[in-house]
Amino acid sequence: MSDPAGQNDLEVRGLTLGYPGRAVLRDLSLRMPSGRVTAILGPNGCGKSTLLRALGRLIVPQGGSVQLGGRDLRGYEPRLLARRLGILPQAPLAPEGITVADLVGRGRAPWRGLLSGWSTADREAVARALAAVHLEDMAERPISELSGGQRQRAWIALALAQETEILLLDEPTTWLDLPHQIEVLRLFQRLNRERGLTVISVLHDLNLAARHSDHLVLLGRDGLVAEGAPEAVLTPLHLARAFGLEARVMPDPVTATPMVVPL
Amino acid sequence: MTAGAKGAGMGSLRWTILATALLVVTVLGITLGETAMPLAEIWKGLRGEEGPAALTVRFLRAPRVLTALGAGACLGLSGALFQRLLRNPLASPDLMGFAPGAGLAMMITLAFGITLPPPLVSATGGVLAALSVAILAHRRDEGLAPLRLVLVGLGFGFTCSALAAFLMLTLPGPLALEAQRWLSGSLAARGWGHVAQIWLPGLILILLLVLQVRALSLLDLGDDLAQSLGLRAGRARMWLAATGVGLMAAGVAVAGPVAFVPLMAGPLGAAITGARRIGPALLAAALTGALITCGADLVARAAVPGVGLPLGLLTGLLGAPYLLWRLSLEIERGGL
């Protein structure tokens, strides 16, 4: 799914988000490259999640637009857009008593006809999604019996079963301990390398984001501070502007990606 | 694909129990009554042969039982649908003032001599009442909290009932008697017209609901995820609510505001069958609603010889303890 011309990039043009009289983000323009892993970073309340929700067409912009393949998201028929772009909210609600397989199966909704049953493609997609997050053996377990990490993986499997080109995730690593955080971020990288999946997620941990992303978007209280490769975005100057944080940036001893060390 | 093979045997046994209970109640409804008749006579009557039983069975008991089954199924489905849609085990239309609102609307048309189709009148009154309750009970920060919803619903319901009772005083005797029976819910003197009146719209609405089961299963994941999966969440919710209102109105129009059937049918059906997925859970709610209504009607006409008790009284006897139990459960959970 190489896309040198950036035809399937998710593009933000002059985007203003928020409520009347209280804009959270104003006149924002940027481009999320397709086929890459992008992380959106910034201090609390800077509008990271709001931006992600707008990218996923969950909120209507007050001004400007989000475009996919040169077309405004609002112009897409919802089901057709849902085949190209999926968004996993931060704290999704699991219906009472639902099993893992049932939950993941719902990710197939945009691909199924109103009355059609399960196609081979549906079954395979669900099986692949479960395998990708290593939950094959838990398929018939109720979600409520799963640990926090397993539960988060079940939600990710739902998004994977949707088989979109673009996957948006709102803080997918919250509630997870460090090993599980790394496991989830590696999974996204693997899916990106193997299937060309475009991954765009809101993350908190700067160093993990630098390690596991190709592209960073750094927001501050007054909008965009920087976007680009991790080395170009995570600089002392940018960090000071975005977070008001004095920090030194040095190469990560393991991966050589930028590592932020607060002073 | 996701129904596990294990537990299927257990599940089908539980479904058999529910189906058998429904069958037993139906058969008893046709065989029991004020005039005792031998089974052979009843069988003859049912097959259309002339005999002493023909009239009773074909014109009195069969339509009554069929109306009870249809109305019960519609009421049960409506309740289970709203409970799912609002994610609240107490958010059933009967507790939300729908029934008293429908009753008041009927009273207004009777008192002022307005002739409109009863289903339309009860639907309008019910919707207006339920909407008022939802708006009054809604808080921006916590949505429809279960306890507030119930309290506002009960208060609003009492107001509607009081107004309806006041209007009844203005009615002439026979009309008032008919109105009284209608207000408490009754299946007395139902004919084949009533059977058609519940089953025709009922079947259409059930078909509509079947088409929306998948939308409901997506809304169950929350609006954000439902939208991410390609559903127009707001529109889907509106259609589901309209279907639920239609089911409620259809049931109330033929049986009156039968208390607690919408509230109990869903949870009881799920408890009996163990159904968790939405489709089976709704089916269980419909069957259980039919079972409660038909069973309560059976007791209502057989409990005191010669006296037909109001149907609503019987379902109330069953439903009030259920509501108290449910409330105590919610309080323990801290859901209130």
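Here is how names work: the chains are called A, B, and so on, in the same order as the sequence lines, proteins then strands, and each is numbered from 1.
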Leading residue by heavy atom contact count with chain B [cutoff under 4.5 Å; candidates [options]]:
options                                 : value
Gly107(A), Gly56(A), Pro78(A), Ala82(A) : Pro78(A)
Ala94(A), Ala109(A), Pro92(A)           : Ala109(A)
Pro142(A), Ala159(A), Gly97(A)          : Gly97(A)

Does some side-chain heavy atom of [Y] sit less than 4.5 Å from a side-chain heavy atom of [X]?
X         : Y         : value
Arg112(A) : Arg214(B) : yes
Arg106(A) : Asp220(B) : yes
Leu221(B) : Leu158(A) : yes

Where does [X] contact chain B at under 4.5 Å (heavy atoms): side chain, backbone, both or neither?
X         : result
Trp155(A) : side chain
Leu103(A) : side chain
Arg108(A) : neither
Leu81(A)  : neither

Point to revise | Test item: Gln162(A) side-chain N/O and Ser228(B) main-chain N/O as donor-acceptor pair under 3.5 Å | key: yes
**Study point:** Donor-acceptor contact present, side-chain Arg276(B) to main-chain Glu96(A), <3.5 Å
**Key:** no
Review point. Between CG of Leu225(B) and CD1 of Ile87(A), what distance do you get to the nearest 0.5 Å?
Key: 9.0 Å
Study note, to complete from the structure: dist Asp170(A):CG -> Asp224(B):CG (nearest 0.5 Å) comes out at 9.0 Å
Review point. Can you name the closest pair of heavy atoms from Arg232(B) and Glu77(A) and give their distance?
Key: NH2-OE2, 3.8 Å
Review point. What is the minimum heavy-atom distance between Leu58(A) and Gln227(B), and which atoms define it?
Key: CD2-CB, 3.7 Å
Review point. Can Arg87(B) and Leu93(A) be said to form a side-chain contact (heavy atoms from CB on, under 4.5 Å), step by step?
Key: CA-CA 11 Å; Arg87(B) 293 174 165 275; Leu93(A) 297 156; 3.6 Å; yes
Check your understanding: If you draw a 6.0 Å radius around CZ in Arg235(B), do more than 12 non-hydrogen atoms from other residues or ligands fall strictly inside?
Key -> no
